[in-house]
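See structure below.
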Amino acid sequence: PEFHDKVLDYLPKKQRTRVEEYLHVADIAIYATIFGRFITGIVCAFASASGLYILGVPNATLLGVAAGIIFIIPQIGVWILYIPLSAYWASMGQLGLGGLILFLGITIGLLDNVAYSLIVGDRMRQHGVHPIFTLVGLMGGLLVWGFKGLVLGPIVVALSISFIRTMIVPAPTPRKK
């Protein structure tokens, strides 16, 4: 807010409203993306801990918490936890458990993507960004920037839509009679 106020102080009064709207949508996009990563991390931590507990893996709660922290960082992903864990159990002679852990990792990875797109999409929809644009941002960001694109993609799309709405095609002003 302080930064916004300082930027707005240097603008002509005519441009101030449009820039305020743009900055508001920028704040929402960034907040929704960061909020989405944290909530998704919590969901995936709970799902990981539950799945590992059901499979009988020791320290399932600790591994679930580690999974939640890993999920918050989009570049790392699910594989840094589940591949070594699966390989460990397979090397200990429990191939079935190793395979089930790997399957759980794949399932949790899919849950991560679905939960994140639902959470971020809902927050963006509340502020005028259609869910299809959030999905395009997620998929396009993933293609362009890799896993960090899951965070950057929706932000870039929301900022682009906001820029178009506020700067290029502003809402018509009522005429004075």
Side-chain angles (χ1 to χ4, degrees), residues 1 24-162:
H24 176 69
V25 173
D27 284 346
I28 291 165
I30 293 168
Y31 175 78
T33 303
I34 292 170
F35 177 79
R37 289 301 328 154
F38 279 107
I39 296 300
T40 302
I42 291 169
V43 168
C44 289
F46 180 75
S48 291
S50 299
L52 292 171
Y53 178 78
I54 290 169
L55 292 176
V57 175
N59 300 318
T61 305
L62 178 64
L63 291 169
V65 170
I69 293 168
I70 290 169
F71 285 119
I72 291 173
I73 307 166
Q75 189 67 22
I76 295 176
V78 62
W79 306 113
I80 199 166
L81 176 70
Y82 283 100
I83 288 177
L85 189 61
S86 174
Y88 169 77
W89 285 104
S91 71
M92 297 300 286
Q94 297 201 14
L95 296 175
L97 182 59
L100 286 173
I101 290 172
L102 189 61
F103 179 74
L104 177 66
I106 292 168
T107 305
I108 298 295
L110 293 173
L111 173 69
D112 173 40
N113 292 334
V114 170
Y116 180 71
S117 63
L118 288 174
I119 292 166
V120 172
D122 186 48
R123 300 283 299 180
M124 299 286 228
R125 185 181 323 111
Q126 291 174 357
H127 298 285
V129 177
H130 194 275
I132 194 72
F133 291 119
T134 303
L135 182 63
V136 167
L138 286 168
M139 296 300 118
L142 190 61
L143 288 173
V144 173
W145 293 299
F147 284 110
K148 60 185 161 189
L150 291 174
V151 173
L152 294 174
I155 291 174
V156 169
V157 167
L159 293 178
S160 299
I161 290 171
S162 174

*Let me see the working for W79 and I106 under side chain to side chain contact (heavy atoms under 4.5 Å, CB included), right down to the final yes or no.*
CA-CA 8 Å; W79 306 113; I106 292 168; 3.4 Å; yes
*With sequence neighbours excluded, tell me which residues meet side chain to side chain contact (heavy atoms under 4.5 Å, CB included) with L95.*
A90
*Which atoms form the tightest heavy-atom contact between S91 and Y88, and what is the distance?*
OG-O, 2.7 Å
*Evaluation steps, side chain to side chain contact (heavy atoms under 4.5 Å, CB included), between T107 and L111*: CA-CA 6 Å; T107 305; L111 173 69; 5.6 Å; no
_Out of the candidates L55, L102, L97, only one should pair with W89 under the side-chain contact (heavy atoms from CB on, under 4.5 Å) rule; please name it._
L97
_Flag, side chain of S86 to backbone of I83, donor-acceptor distance under 3.5 Å_ = no
Give every donor-acceptor pair under 3.5 Å between a side-chain atom in residues 38-52 and any protein atom, sequence neighbours left out.
unit_1, atom_1, unit_2, atom_2, d
T40, OG1, G36, O, 2.6
S48, OG, C44, O, 2.9
S48, OG, Y82, OH, 2.8
S50, OG, F46, O, 2.8

_Reported CD1-to-CG distance for the pair I70 and L63, which is rounded to 0.5 angstrom_ = 9.0 Å
